[in-house]
Asker: 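One structure, as structure tokens, below. Some questions next.
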Amino acid sequence: IADVMGDKVMLIDSGEETARVARQLMHDERLLRDGAAKHPDTHGEHKFYVSDVPEKFSQVATRFLGEVVDNITRVDISRY
């Protein structure tokens with residue numbers, strides 16, 4: 001797309017932008033946690049379900065969450 005449109009067009013990664021906006025919304029609503037250091041017994045387990053490529057989600061989620069995200073299951077939403 002950039003080759004055709006030129007360098008005046010900004011390409012946006014929708015997953016990364018969604019993560020950025022979600023983080024800002026959680027910050028604004030005071031839903032972000034300060035970290036496991038203050039609450040070591042409440043870390044819990046996270047499971048992620050995606051309809052796209054799990055590896056791509058893992059890269060973006062790892063940047064967003066600041067920790068490795070690897071408990072990812074791809075689901076086929078075409079049957080719903």
Side-chain angles (χ1 to χ4, degrees):
I1 295 173
D3 289 343
V4 173
M5 298 303 296
D7 60 355
K8 292 185 180 182
V9 173
M10 179 187 295
L11 299 178
I12 298 172
D13 181 319
S14 61
E16 190 169 343
E17 185 64 13
T18 299
R20 187 189 66 73
V21 171
R23 185 183 194 295
Q24 185 62 50
L25 288 171
M26 288 188 293
H27 175 268
D28 293 348
E29 295 296 322
R30 298 177 187 251
L31 296 173
L32 289 179
R33 226 174 79 178
D34 288 338
K38 291 185 178 181
H39 309 284
D41 58 334
T42 60
H43 183 53
E45 178 183 6
H46 298 95
K47 296 180 182 179
F48 300 91
Y49 298 89
V50 298
S51 60
D52 201 358
V53 181
E55 293 79 13
K56 184 167 175 77
F57 173 82
S58 177
Q59 292 172 351
V60 174
T62 296
R63 275 192 305 224
F64 174 66
L65 297 173
E67 60 187 65
V68 175
V69 173
D70 58 5
N71 194 357
I72 305 167
T73 302
R74 186 179 189 283
V75 294
D76 181 8
I77 60 172
S78 66
R79 63 181 183 174
Y80 295 105

Asker: Working to the nearest 0.5 Å, report the span between CG of Leu32 and CD of Gln24.
Answerer: 9.0 Å
Asker: Name all residues meeting the salt bridge (Lys or Arg N to Asp or Glu O under 4.0 Å) criterion together with Asp13; count only those two or more places apart in sequence or in a different chain, and write none if there are none.
Answerer: Lys56
Asker: Mark yes when over 12 heavy atoms from residues, nucleotides or ligands other than Ile1 sit less than 6.0 Å from its CD1; otherwise mark no.
Answerer: no
Asker: Could you work out, with side chain to side chain contact (heavy atoms under 4.5 Å, CB included) as the rule, every residue matching Asn71, not counting sequence neighbours?
Answerer: Glu45, Lys47
Asker: State yes or no: do Val60 and Tyr49 share one hydrophobic cluster built from I, L, V, M, F, W and Y residues joined by side-chain heavy-atom distances below 4.5 Å, directly or via other members?
Answerer: no
Asker: Group every Ile, Leu, Val, Met, Phe, Trp and Tyr by side-chain heavy-atom contacts under 4.5 Å, then state whether Met26 and Phe48 land in the same group.
Answerer: yes
Asker: Could you grab the distance from atom CG of Leu31 to atom CZ of Arg23, nearest 0.5 Å is fine?
Answerer: 12.0 Å
Asker: Answer with yes or no whether the hydrophobic clustering places Ile12 together with Val9; edges join I, L, V, M, F, W, Y residues whose side-chain heavy atoms lie under 4.5 Å apart.
Answerer: no
Asker: Could you tell me which non-hydrogen atom of Val69 sits nearest to which non-hydrogen atom of Thr62, and how far apart they are?
Answerer: N-OG1, 3.2 Å
Asker: Within this structure, what is the CD1-CG distance for the pair Ile72 and Asp52, rounded to the nearest 0.5 Å?
Answerer: 11.0 Å
Asker: Would you compute the distance between atom CZ of Phe64 and atom CD of Glu16 and round it to the nearest 0.5 angstrom?
Answerer: 11.0 Å
Asker: Atom CG of residue position Asp7 - does it have more than 12 heavy atoms of other residues, nucleotides or ligands inside 6.0 Å?
Answerer: no
Asker: For Arg74 and Pro54, which heavy atoms make the closest approach, and how far apart are they?
Answerer: CB-CG, 3.9 Å
